[in-house]
There are 2 protein chains.
Amino acid sequence: MLKKYTIRDIAELAGVSKGTVDRVLHNRGKVSETALKKVNKVLDKIDFKPNPIAKNLKSNKVYRICVLVPDPIKDVYWKPCLNGINDAILELGAFGVNIETVFFNPTSTKSFLEANLLVQKKLPDAVLLVPIFNTEALIVLEDYKNLGIKVSTFNNNIEFGSVKNFIGQDLFQSGRVAAKLLHCIVPKGDIAILHINENYENAVFMQEKEKGFENYFNELNSSDFTILKEKLKLPDFESVLTKFIDEHPNLTGIFVTTSKTYQVADVIQKITNKKIALVGYDLLNENIKHLKKGTIDFLIHQHPRQQAYLGLKFLVEHFLFDKKIPSNLLLPIDIINSENVNVIMND
Amino acid sequence: MLKKYTIRDIAELAGVSKGTVDRVLHNRGKVSETALKKVNKVLDKIDFKPNPIAKNLKSNKVYRICVLVPDPIKDVYWKPCLNGINDAILELGAFGVNIETVFFNPTSTKSFLEANLLVQKKLPDAVLLVPIFNTEALIVLEDYKNLGIKVSTFNNNIEFGSVKNFIGQDLFQSGRVAAKLLHCIVPKGDIAILHINENYENAVFMQEKEKGFENYFNELNSSDFTILKEKLKLPDFESVLTKFIDEHPNLTGIFVTTSKTYQVADVIQKITNKKIALVGYDLLNENIKHLKKGTIDFLIHQHPRQQAYLGLKFLVEHFLFDKKIPSNLLLPIDIINSENVNVIMND
DNA sequence: TTGAAAGCGCTAACAC
DNA sequence: GTGTTAGCGCTTTCAA
């Protein structure tokens, strides 16, 4: 069992003062060669881990973190994120962490920019944000960098040179998972990729999923399947989808690349008795209803709650305990059916 | 934004000393009626959350936790638990927590009892254990209770009157998940539940899984399926299984209730070209190979690593930060196929 | 029954 | 450059 060393121990062993040890440990300069050597000699010998608790006590700082997330009223997909944020607030509040949520309209880049401006004025210690608009996100990331504000992102990754942390899912691979699922339900036939274009989602997400999906069937290289693609938009959603289904009598499976899978299920249920396998995304209540009824076969869970929660947790533990924030954390691609949907932990 | 109150603030507001406030907060007695009233009056008004960090600094106690887990050499299923334990050690060591692992032979109740005796002699602050032997587990739980040692359990739940925490999976429901999966792969035929009896696993686990599995098909109430059951044991495993498959030409699906699913896959692959859908448990390397090859269709992930890691994490956070330990934490029932197997987080 | 004071490990300000 | 010291919020001891 190893002894727990303190800086006092080190100071005594090295024959210097605690202050000097602290200076050496944190490269605060103003240390003579000889003192440096003495301290380092001791540090080499022992396994010193500064007590992360004591470190924090002193500063007595209240860390402020802002979360920037699309308004759940505009798109219910984001609601679980709020729960994750609230969990984090409850859990971390006692540590003197101040977490503030700012919403933006996910259909408006202007709203996104304004929300970020608001946040920047607050000068928080860190920001956790959903960078759904690629161009604008790069701009604000640059701003945060200049302001010296730490940034973590979740939901979707964007390319940014400087340090930035990401929590989300491997969308390409999740497309492959969907493909495999359909493949195991359906022996053959036409299989459709349906994009429900909400005109705000940067096409990148859906493209990644689509690529993964196609990649699976390409590798399979089987003449049993034909892959179709269709884009749907809301005003004439139902008529276009109905027409599409009518025109493809061999349609046996559908992959929907967004959380609006239930909209497709609604239509299928309405217009045909034929079994069409359906795989989509996210545990919205409407989706879950269809899952239990059997209209939707599988949902892929993107862990929105976890993403937000972990994003905050990592930031706080970084501030409080000097923990390293994982730079690119890919959450598992959870396959959900009617039987395990009720046992999902933390959404 | 609320002010962060300290006991000093409260003391000043109430017109008493910090010591008295502390006594009131922790019911340490020796407080006069009047002082109690004064302090409570203040406490009612403000939202006081003691700083969990400072609380811990003083005591400077090294918490000692023992983990009792089956020897991974005897059954490789337990290997991920070690990783979880090591993660916890790495992460929590700096907080002055001492975690010690003790193995027992999962085929020997004697070994289990001896290991516990060893642990009890050490008088740790808490114990995290896998109570695979029901009767013996109840005995040692009673011992720990008398010694005032906190106990958390994982992997399988046992009925014990006094306080005890559990982390694991809903086995009944996981049986239903397996059933649903087979149901979605296979349109009809004979479906077999195979128990691979390793004679140490308390039959309870497998029974729960079996019950859930049957429950699903009973509810389905379809004449398309016939449910068969068979127990296999190692010496004549292959011959018995071969005979079983030969005798059931309509066999279209198999559910294996243990992590030894790959053993069944090996045999199927060897003796027949017919597609038999196979669903089993756990991400052993051999299972993953079959999953990728297609001999196994789905695996259900029981999160062994997470179970051990969370068990330790909860105990430590309880000691350090007074967090409440969830008394019965059911981890999600993860469905794994060839595509999402590589993205599983923390095993 | 109560208040005062020391001290946990670390940081930071301040003398020397 | 370096040692000393005060102090973070809380617990615990000790004297009153």
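Numbers restart at 1 for each chain; the letters A, B, ... are given by sequence-line order, proteins then strands.
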Considering only [options], which nucleotide approaches the side chain of [X] most closely?
X	options	value
Asp22(B)	dC10(C), dT11(D), dT2(D)	dT11(D)
Thr20(A)	dT11(D), dG3(D), dC8(C)	dG3(D)
Lys30(A)	dG1(D), dC10(D), dT2(C)	dG1(D)
Val16(A)	dG3(D), dT2(C), dC10(C)	dG3(D)
Ala54(A)	dT2(D), dC10(C), dG3(C)	dC10(C)
Asn51(B)	dT2(C), dT12(D), dG9(D)	dG9(D)
Pro50(A)	dT2(C), dC10(C), dG9(D)	dC10(C)
Lys18(A)	dG3(D), dT11(C), dG3(C)	dT11(C)

Tell me the interatomic distance from [X], atom [atom1], to [N], atom [atom2], rounded to whole angstroms.
X	N	atom1	atom2	answer
Lys38(A)	dG1(D)	NZ	P	15 Å
Arg28(B)	dT2(C)	CZ	P	15 Å
Ile53(A)	dC10(C)	CD1	P	11 Å
Phe321(A)	dG9(C)	CZ	P	17 Å
His26(B)	dG9(D)	NE2	P	16 Å
Glu12(A)	dG9(C)	CD	P	12 Å
Ile7(A)	dT4(D)	CD1	C1'	13 Å
Lys49(B)	dG9(D)	NZ	C1'	16 Å

**Message:** Taking side chain to side chain contact (heavy atoms under 4.5 Å, CB included) as the criterion, tell me which of Lys164(B), Glu317(B), Lys313(B), His318(B) meets it with Ile325(B).
**Reply:**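 So the option named by the test is His318(B).
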Classify [X] by what it touches in the nucleic acid, base, sugar-phosphate, or nothing, heavy-atom distance under 4.0 Å.
X	answer
Tyr5(A)	nothing
Lys55(B)	sugar-phosphate
Arg23(B)	base

**Message:** Is there a side-chain contact between Ser17(A) and the phosphate of dG3(D), meaning an N or O under 4.0 Å from OP1 or OP2?
**Reply:** yes
**Asked** Shortest non-hydrogen contact from Val62(A) to Asp125(A)?
**Response**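 Of all heavy-atom pairs spanning Val62(A) and Asp125(A), the closest is O-OD2, 4.0 Å.
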**Request:** May I ask you to decide whether Asp9(B) forms a salt bridge with Lys4(B), counting only side-chain N to carboxylate O separations under 4.0 Å?
**Result:**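 No, this pair does not count.
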**Message:** So Gln302(B) and Tyr77(B), do their side chains get closer than 4.5 Å, heavy atoms only?
**Reply:** yes
**Message:** Pair Asp47(B), Tyr5(B) - check side-chain hydrogen bond (donor to acceptor under 3.5 Å, both in side chains), show working.
**Reply:** CA-CA 8 Å; Asp47(B) 176 41; Tyr5(B) 291 94; over 6 Å; no
